[in-house]
Number of protein chains: 2
Amino acid sequence: MKIPAPGKPVRGSQSGAPIMVLFDLLGRRWAMGIVWTLSEQGPCTFRELQEKCDNLSPTTLNTRIAELRAACLVDHDTTGYRVTLRGRELYKMLVPLGLWAKEWGKDLQGFPGAQT
Amino acid sequence: MKIPAPGKPVRGSQSGAPIMVLFDLLGRRWAMGIVWTLSEQGPCTFRELQEKCDNLSPTTLNTRIAELRAACLVDHDTTGYRVTLRGRELYKMLVPLGLWAKEWGKDLQGFPGAQT
DNA sequence: TTTCATTGCTATGAATATTGTAGCAGTCAC
DNA sequence: GTGACTGCTACAATATTCATAGCAATGAAA
């Protein structure tokens, strides 16, 4: 699978705009979940990560890891897989999403909702 | 396709944790891009939206719209499709990602990068 | 009342991504 | 060597996405 890189046209966007590249990268199965999990729970092995990510298939995990490593968001050392500094920056920006999601979830309980 | 809703197990997560539900919803092709585009460029018709989203297929656009409407992030009125109040909240949290992505993109130019 | 353009959207088949299961090769402690 | 771990790969089934064509409804103009 093509790995998205800023400046180059990606799946679904000819512009190469960094935000669209990022959306392409993160808009793949478990991409954000992996960054989230590694950040919240610390470094872990391939199989540990697989378990924490709801036992996603090794195929997909491996693909996702390759993409996230290419994007310098995740790396690998003796402690296992872990987020990089940049990965942690990204995580920090996802935290507000986590808080917001709780409220969103509450409101959405009383489905279907009128809104605007 | 199953539409993610907070509190219920979703594709890839049995926990039903709101953040995982959100990741499931947003981790689909063009989901974040649609919220971004509608927020930045204002309401537009189905076909306009399609064009702005790099001519993604109507099938996928329609599916994504249904999911985002079910999640109360997007709705539809006489002006066309647009983000809801909650959708705008989400967008505002994505804005920092856009800024960060620019830096990330710059650094990543000199691929492959050492980091941590 | 018959065009005509525009609307949202569906049908279809091919291409691509993801899943689930099994298992391999390397490393390390014993 | 043996066993228990490691990171992965192979393979076939399923799910998702794409690209193209086109339909039914609406509203404006002729």
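Just so you know, these numbers use all the heavy atoms, side chains as well, and skip hydrogens, waters and symmetry mates. Here the structure is a predicted model, which is why all the values come from computation and not from measurement.
- Pro18(B) and Trp104(A) make their closest contact through O-CZ3, 4.3 Å (heavy atoms, listed as atom of the first residue, atom of the second, distance).
- Using a distance-only test at 3.5 Å, with no hydrogens or angles considered, a donor-acceptor pair links the side chain of Gln50(B) to the main chain of Leu56(B).
- Between Glu89(A) and Arg86(A), no side-chain nitrogen of the basic residue sits less than 4.0 Å from a carboxylate oxygen of the acidic one, so the salt-bridge criterion is not met.
- Residue Arg28(A) contributes atom CZ, which lies 14 Å from atom C1' of dT16(D) at whole-angstrom precision.
- Across all strands shown, Thr60(A) has heavy atoms under 4.0 Å from base atoms, whether or not it also approaches the sugar-phosphate.
- Of the candidate nucleotides dC9(C), dT17(D), dT19(C), dT19(C) has the atom nearest to the side chain of Arg29(A).
- The CH2-P distance, from Trp30(B) to dA17(C), rounds to 16 Å in whole Å.
- Between Glu48(B) atom CD and dC9(C) atom P the separation is 14 Å, expressed in whole Å.
- The CG atom of Leu61(B) sits 12 Å away from the P atom of dT17(D) (whole-angstrom rounding).
- dT6(D) atom C1' lies 13 Å from atom CG of Asn62(A), rounded to whole Å.
- Distance, Asp24(B) CG to dA17(C) C1': 15 Å, rounded to whole Å.
- Judged by distance alone, the side chain of Arg88(B) and the main-chain N or O of Val83(B) form no donor-acceptor pair under 3.5 Å.
- Between the P atom of dT6(C) and the NE2 atom of His76(B) lies a distance of 17 Å, rounded to the nearest Å.
- Using a 4.0 Å cut-off between charged side-chain N and carboxylate O, Asp75(B) and Arg82(B) make a salt bridge.
- The nearest whole Å value for the distance from the CG atom in Leu49(A) to the C1' atom in dT6(D) is 14 Å.
- When all heavy atoms of Thr63(A) and Thr59(A) are compared, the pair lying nearest together is OG1-O, 2.8 Å.
- Proximity of Met32(A) to Met32(B): side-chain heavy atoms (C-beta onward) are separated by under 4.5 Å at one or more points.
- Residue Arg64(B) has no polar side-chain atom (N or O) positioned under 4.0 Å from OP1 or OP2 of dT16(D).
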In B/S/- notation, 5' to 3', how is nucleotides 20-30 of chain C contacted by protein heavy atoms closer than 4.0 Å? BBB--------
